[in-house]
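As the structure is a prediction and not an experimental result, all values here were calculated from the model. Below, all heavy atoms of this structure are taken into account, side chains as well, without hydrogens, waters or symmetry copies.
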Amino acid sequence: MATEAPARGGYLDILRAPHAARLLAGTLVGRLPNGVGPIAITLFVRDQGGSYTLAGGLIAAYGVATAVGQPLLGRAVDLKGQPRVQLPAAVLSALGMALLALTGIGHLGLAYAAVVVAGLFTPPLEGGLRALWPSVLGREDRVHRAYAMDAVAQEVMFTVGPLLLTLLVSLWSPAAALLVINLLGVLGALAVVLSEPSRTWRSAPREAHWLGALRSPGLLALLGSFFFVGLALGSITVAAVAYADDRGTPSVYGWLMAALGLGALVGGVTYGTRQWSGAPERRLRVLVLLLAVCYLPLVLTPGPVAMAGLAALAGLFLAPVLACAFIVVDRHAPRGTVTEAFSWLVTTFGVGSALGSAVAGPAIELAGTVAGFAVAGAGGLVALLVLLATGRVLHVPAAPETPGAEPRHAVGAGAPTAVHTEKNTH
């Protein structure tokens, strides 16, 4: 059930909170290198005379390294605090990309090593920001609204980032663009870790366990579902290229991606302006169902204008699904593992997206563009089936603290303490 949120509870209210705007902006800027990494690598390799195959290999190495590094660095943040991990990681990641930009692709081993370093040390700023929201905003409803704003901001970054990269390439070169984007990333991370909430934040004490956040059955169920959400989204990006090729108009691809992002923005803003009651796990199932249903019409592949409308529809529930998933992660992450848990969500979603891109290619070659979009619809439906099949474990969030104990996810020193767990109304 949803009710209209009061005016004071909107996004502007969140951004007016001390440190909130700085943390959000710093995180988005800090994530720019990773957000535009695949495009930047492709432009650089082509400018150097390399093939698309080489570009794809470097992007794959970068993606795998990022997937491995995110949960490991997230665990390190939970254990050591944000400044001691985020900033060194950002610097090392930037140095990896700088090595690629300065040495080129003449020595393939060095080029691959450079992108592996850049990916492996990509700082887990996304998970770190979500761990900070309770200490910055205090009230549970404001934290949940911040998650929705976070999802909307991601869509803005993935729209503005490529435009900024293209501008830098046109002004200078792909190599210079790589250097500038990664310098901005370090500055964004610096803005975050120098803030008071980041400096004072400490994770709650955690139980020593080699599985870390992955020992939570509910979190594993969510990650399984989001692997297929990522697969669906990754297949759409490849199928959209094939659709544009079929129409003989490469620019159609850009319009479809813009429409997808616009739909996500509209959905995220609408979702965030309402207060939601009931268990988020139940709400997530409904949202994933709607997401899957909205993917299915893409197989109709009508003319470009109508297809852009279907792309906008396909994106409509993406940001709400992400925002609701962030709440579920927070509810199911074992005590003291919140950054790691959010980082696992990022990793799982990214790996699923990469596999979706890989699966859509052969599907299109075998059965045409429609098959590529069918992969997206199938991915959405499987994501829903995973949530339905694991409803029992998702029904039970991580055990609440006993009276007088510290909260599961500790807040910064001197910050308002909020019990950041939504009541289950089953």
Side-chain angles (χ1 to χ4, degrees), residues 15 19-37 40 62-63 65-97 117-137 143 146-147 149-158 160-161 164 181-203 213 322-323 325-326 329-330 333 337-350 409 412:
L15 292 175
H19 309 292
R22 171 180 175 172
L23 289 172
L24 180 63
T27 297
L28 292 177
V29 173
R31 291 179 56 213
L32 266 178
N34 185 249
V36 303
Y62 177 69
T66 302
V68 171
Q70 284 294 288
L72 295 178
L73 291 172
R75 181 176 295 194
V77 167
D78 286 326
L79 293 172
K80 303 294 184 182
Q82 294 199 1
R84 294 175 65 182
V85 177
Q86 302 277 35
L87 185 58
V91 171
L92 288 171
S93 180
L95 288 176
M97 279 301 188
V117 168
L120 191 62
F121 289 100
T122 296
L125 292 168
E126 190 174 347
L129 175 64
R130 290 164 200 153
L132 290 176
W133 282 135
S135 64
V136 174
L137 300 175
V143 173
Y147 287 157
M149 182 181 66
D150 188 350
V152 170
Q154 287 188 62
E155 298 305 322
V156 174
M157 184 195 71
F158 285 117
V160 174
L164 175 60
I181 287 290
N182 280 273
L183 176 60
L184 290 174
V186 173
L187 294 177
L190 186 64
V192 171
V193 301
L194 290 181
S195 68
E196 182 183 355
S198 181
R199 286 186 289 107
T200 59
W201 180 86
R202 295 294 181 271
S203 177
L322 290 172
F326 299 156
V329 168
D330 189 56
T337 68
V338 60
T339 310
E340 180 189 343
F342 279 122
S343 298
W344 272 116
L345 185 69
V346 174
T347 288
T348 305
F349 191 85
H409 307 313

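Put simply, CG on Leu322 and CG on Asp150 are 9.0 Å apart, with the number rounded to the nearest 0.5 Å. From Leu24, atom CG reaches atom CG of Leu132 across 11.5 Å, with rounding to the nearest 0.5 Å. If you take CH2 on Trp201 and CG on Asp78, they are separated by 4.5 Å, rounding to the nearest 0.5 Å. For the atom pair CH2 (Trp133) and CG (Leu23), the distance works out to 6.0 Å, reported to the nearest 0.5 Å. Thr200 OG1 to Gln82 CD: the interatomic distance, rounded to the nearest 0.5 Å, is 9.5 Å. Note that CG of Leu190 and CG of Leu184 are 12.5 Å apart. Values are rounded to the nearest 0.5 Å.
Arg199 CZ: more than 12 foreign heavy atoms inside a 6.0 Å radius.
Gln86 contributes a side-chain N or O that, together with a main-chain N or O of Pro124, makes up a donor-acceptor pair within less than 3.5 Å. Between the side chain of Gln70 and the backbone N or O of Thr347 there is no donor-acceptor pair closer than 3.5 Å. A donor-acceptor pair is defined here as one N or O able to donate and one able to accept, closer than 3.5 Å; such a pair exists between the side chain of Thr122 and the backbone of Gly119.
Within the 4.5 Å cutoff, the side chain of Leu164 has heavy atoms near those of the Ile181 side chain. The side-chain heavy atoms of Asn34 and Tyr62, taken from C-beta on, include a pair separated by under 4.5 Å. Contact annotation: the side chain of Thr337 never approaches that of Trp344 to less than 4.5 Å [non-hydrogen atoms, C-beta and beyond]. Contact check for Tyr147 versus Arg130: side-chain heavy atoms found under the 4.5 Å cut-off. Annotation: side chain of Phe121 is not in contact with side chain of Leu95 (no heavy-atom distance under 4.5 Å).
Nearest heavy-atom pair, Pro123 versus Leu73, reported as atom, atom and distance to 0.1 Å: CA-CD1, 4.5 Å.
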